[in-house]
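Worksheet: one structure, shown below.
This is a predicted model, so every value here is computed, not measured. Chain A is the first sequence line, chain B the second, and so forth, proteins listed ahead of strands; every chain is numbered from 1.
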Number of protein chains: 2
Amino acid sequence: MSDIARLAGVSEATVSRALRGSTLISQATRERIREIAEAVGYTVDHTARNLRLQRTGTITVAVPLHHEVDQGISDPFFLEMLGFLADELADRGYDLLLRKIGAGEPNGLANLVIERRSDGILLIGQSTQHAQIKALGQRYKPLVVWGADMGDDAYITVGSDNRAGGRMAVEHLLERGHRRIAFFGDRELPEIAARFEGYHEALAGAGVSWDPALECRVTFRKAGSHAAIGEFLAKGTPFDAVFAASDQLAGAAINIFDRHGLNVPRDAAVVGFDDLMLAASYTPALTTVHQDLAAGARLMVNKLFKRMAGEDVRSSVVPVRLIIRASCGASIAPRPRRRRGKLAKT
Amino acid sequence: MSDIARLAGVSEATVSRALRGSTLISQATRERIREIAEAVGYTVDHTARNLRLQRTGTITVAVPLHHEVDQGISDPFFLEMLGFLADELADRGYDLLLRKIGAGEPNGLANLVIERRSDGILLIGQSTQHAQIKALGQRYKPLVVWGADMGDDAYITVGSDNRAGGRMAVEHLLERGHRRIAFFGDRELPEIAARFEGYHEALAGAGVSWDPALECRVTFRKAGSHAAIGEFLAKGTPFDAVFAASDQLAGAAINIFDRHGLNVPRDAAVVGFDDLMLAASYTPALTTVHQDLAAGARLMVNKLFKRMAGEDVRSSVVPVRLIIRASCGASIAPRPRRRRGKLAKT
DNA sequence: ACTAACACAACAATCGATTGCAAGATAATT
DNA sequence: AATTATCTTGCAATCGATTGTTGTGTTAGT
């Protein structure tokens with residue numbers, strides 16, 4: 001910057017003001033300085049700027065990991081969310097700092113704050129860390145969490161209407177005549193718990209009594225989910241449909257059913273939750289509850305910036321809708337047989 | 001920090017040295033200062049520290065987008081890679097700054113450098129931007145790219161042995177008696193091109209002539225892939241197996257085949273590439289080429305830090321291996337039929 | 001007892017940008 | 001012509017940490 005000042009024959013102060021477009025500097029010099037800066041390829045040093053402005057220009061996006069999954073993030077849901085958040089933050093000129101919060105590190109969350117590396121925190125999911133998040137939210141304001149509203153106002157959340165989604169999914173299965181609808185998911189996670197509530201509500205609304213044996217408590221960990229679903233099948237509980245708490249889980253379920261000789265949707269209908277991009281590419285394509293992640297990300301970022309500005313904002317819920325595809329049996333096409341090696345046009 | 005200095009009755013310089021463990025400070029005062037810092041909950045201000053040290057403590061991880069996919073990152077591959085990179089960087093005390101580089105922004109890559117926001121750049125994939133990356137690599141050293149080695153030494157790459165992977169996949173199909181093996185993928189991407197080479201090599205090695213009609217140029221974009229695969233089927237080119245350039249694509253192919261009444265692996269075997277966590281959950285489970293992303297991420301980060309230290313390092317290639325699952329027909333189990341609603345244990 | 005050697009700790013400059021206040025230059029008013 | 005008002009620009013402090021150099025106190029050697 002001092003180079004620019006020297007070249008332009010003005011002080012650094014003038015350069016700084018000119019480049020920020022301050023009206024204190026005359027139009028003429030402002031443009032002259034801009035041209036010089038352009039010519040020498042100058043860009044401000046963010047580190048210095050941030051130090052002076054007492055900010056970081058960065059937002060932390062943290063992914064809390066469940067205790068079972070300490071090795072890695074596996075759910076593609078995170079990626080889709082991350083993509084949308086990256087866009088929203090980039091639009092506002094902020095950087096995205098990515099962090100993983102292992103359940104093993106007791107104060108992983110608290111560290112985010114005391115390290116002061118970012119101006120705000122976006123948490124993708126609550127995992128099983130509601131208590132820690134709550135503690136953090138009480139003393140740290142620029143925090144927005146994607147997940148379920150826990151009722152207390154300890155921290156701001158943005159999340160899908162999980163209960164409604166669960167209800168819609170199960171009502172659809174009920175309409176199609178299914179009565180023994182299993183629930184696959186880990187109710188320790190707040191969002192999943194809400195989806196379960198919707199499931200339960202729908203059953204109750206249709207006068208179908210719920211058999212606890214229809215619940216398969218399956219975690220998100222890959223090996224765990226396979227084992228849990230296998231055990232569920234081994235128990236032999238009769239069922240004719242499954243509401244899986246995530247698309248990933250639905251996919252795993254369909255796969256394991258297939259290995260056990262059960263066809264979806266013929267032997268059991270399956271409905272998922274998330275509507276990831278790959279949900280349409282599962283075989284059969286997944287009927288699932290669509291979450292509007294773009295809208296969710298925008299809401300999260302908007303709320304975060306409002307909180308950073310000291311405004312008070314409240315949690316909000318993003319509506320969901322049911323996407324009907326093949327896995328619930330809604331559109332089963334007849335399956336002609338073809339001889340291998342001789343495939344004509346279809 | 002000045003608070004600590006006052007409390008301890010020493011100068012800020014001493015505090016700084018004590019906290020960094022300098023031996024210039026006596027053991028006694030060092031510990032005393034540490035305790036005080038601990039007590040008042042002090043942590044260094046990274047912004048100030050980085051300014052003084054002329055670094056940022058941050059590594060940019062950038063995802064170049066193909067021109068077709070400007071709306072979002074969709075391939076779960078990125079997420080898995082990202083997770084591993086996050087771990088590696090965290091271990092070294094560096095932050096991970098995430099960026100998307102749209103193909104629409106001509107100098108999106110160059111901006112990364114002139115903005116000086118990070119001490120180094122990791123690029124996940126080359127997309128169709130080899131020329132830009134090359135230009136960047138010539139004047140900016142702390143850059144490591146995940147992808148295919150392009151022969152010229154314009155920039156350092158770490159990547160799977162795509163050619164060998166393609167060869168292994170196709171050799172396996174050949175061994176199982178398949179002869180009309182289609183290739184699904186977008187050869188404009190360097191990695192995919194290498195996989196195609198392996199495919200071609202394997203065919204040549206087995207003395208099987210290649211029919212150009214067996215190539216389906218399908219991009220990664222969801223809608224595009226569906227359309228392209230549909231067209232391929234519509235053309236009616238006979239085939240008995242598919243080598244898909246990614247797991248995601250393989251999944252889409254299986255799904256579309258299914259809609260057209262073709263069963264995998266009965267009517268056509270499918271082999272993918274990546275071995276994403278979800279590959280095992282596809283139905284049928286995907287035979288695919290496993291990439292060791294953990295090793296790849298470690299290599300990338302190691303090389304990057306070496307380059308940042310001024311050392312000269314070379315590109316390297318990570319070996320791959322074939323994972324055989326059901327989609328190539330290797331382990332087709334008989335499929336008993338069950339009546340819906342009456343599922344006994346299996 | 002005097003000096004050399006050494007261990008500690010403080011001073012002050014530095015990283016690069018921002019900004020309140022003061023001062024200089026120019027134009028306008030009486 | 002003198003004075004005020006209006007524009008522009010510069011000075012210097014500031015953000016919080018790091019580090020070369022200097023200064024002080026202690027110990028050891030002869």
Close N/O contacts between protein and nucleotides 10-12 of chain D (under 3.5 Å):
from: D:dG10; atom 1: OP1; to: A:Ser11; atom 2: N; distance (Å): 3.3
from: D:dG10; atom 1: OP2; to: A:Ser11; atom 2: N; distance (Å): 2.7
from: D:dG10; atom 1: OP2; to: A:Ser11; atom 2: OG; distance (Å): 2.9
from: D:dG10; atom 1: OP2; to: A:Thr14; atom 2: OG1; distance (Å): 2.4
from: D:dG10; atom 1: O6; to: A:Arg17; atom 2: NH1; distance (Å): 3.1
from: D:dG10; atom 1: O6; to: A:Arg17; atom 2: NH2; distance (Å): 3.3

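- Nucleic acid contact for A:Leu51: base, since at least one base atom lies under 4.0 Å from a heavy atom of the residue.
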Open item on the list: Working note: A:Glu88 + A:Phe305, criterion side chain to side chain contact (heavy atoms under 4.5 Å, CB included); need CA distance, chi angles, decisive distance, verdict.
Closed with: CA-CA 11 Å; A:Glu88 290 294 328; A:Phe305 279 84; over 6 Å; no

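- Using a 4.0 Å heavy-atom criterion, one finds that A:Thr29 contacts the sugar-phosphate atoms exclusively.
- With hydrogens and angles left out, the side-chain atoms of B:Asn50 and B:Thr56 include no donor and acceptor closer than 3.5 Å.
- Atoms CD1 (B:Ile25) and C1' (D:dT19) sit 11 Å apart, rounded to a whole Å.
- With B:Asp292 contributing its side chain and B:Ala295 its backbone, the two residues share a donor-acceptor pair below 3.5 Å.
- C:dA9 atom P lies 16 Å from atom CD1 of B:Ile4, rounded to whole Å.
- A:Leu293 is listed as a side-chain neighbour of A:Phe77, based on a closest heavy-atom distance under 4.5 Å.
- The residue B:Thr47 sits apart from the nucleic acid: no heavy atom pair falls under 4.0 Å.
- Residues B:Lys303 and B:Ser316 have side chains that bring a donor and an acceptor to within less than 3.5 angstrom of each other.
- Between A:Arg99 and B:Asp95, at least one side-chain N (NZ, or NE/NH1/NH2) sits under 4.0 Å from a carboxylate O, which counts as a salt bridge.
- Between A:Arg52 and C:dT19, a side-chain N or O to OP1/OP2 separation shorter than 4.0 Å is absent.
- Nearest nucleotide to the side chain of A:Ser26, out of D:dA17, C:dT18, D:dT8: D:dT8.
- Nearer the 5' end of DNA chain C, as judged by each residue's closest nucleotide, is the contact made by B:Thr23, out of B:Thr23 and A:Ala48.
- The separation between A:His46 atom NE2 and C:dT18 atom C1' is 14 Å, rounded to whole Å.
- The phosphate of C:dG16 has OP1 or OP2 within less than 4.0 Å of a side-chain N or O from B:Gln54.
- Comparing D:dA17, D:dT18, C:dG16 by their nearest atom to the side chain of A:Asp45 picks out C:dG16.
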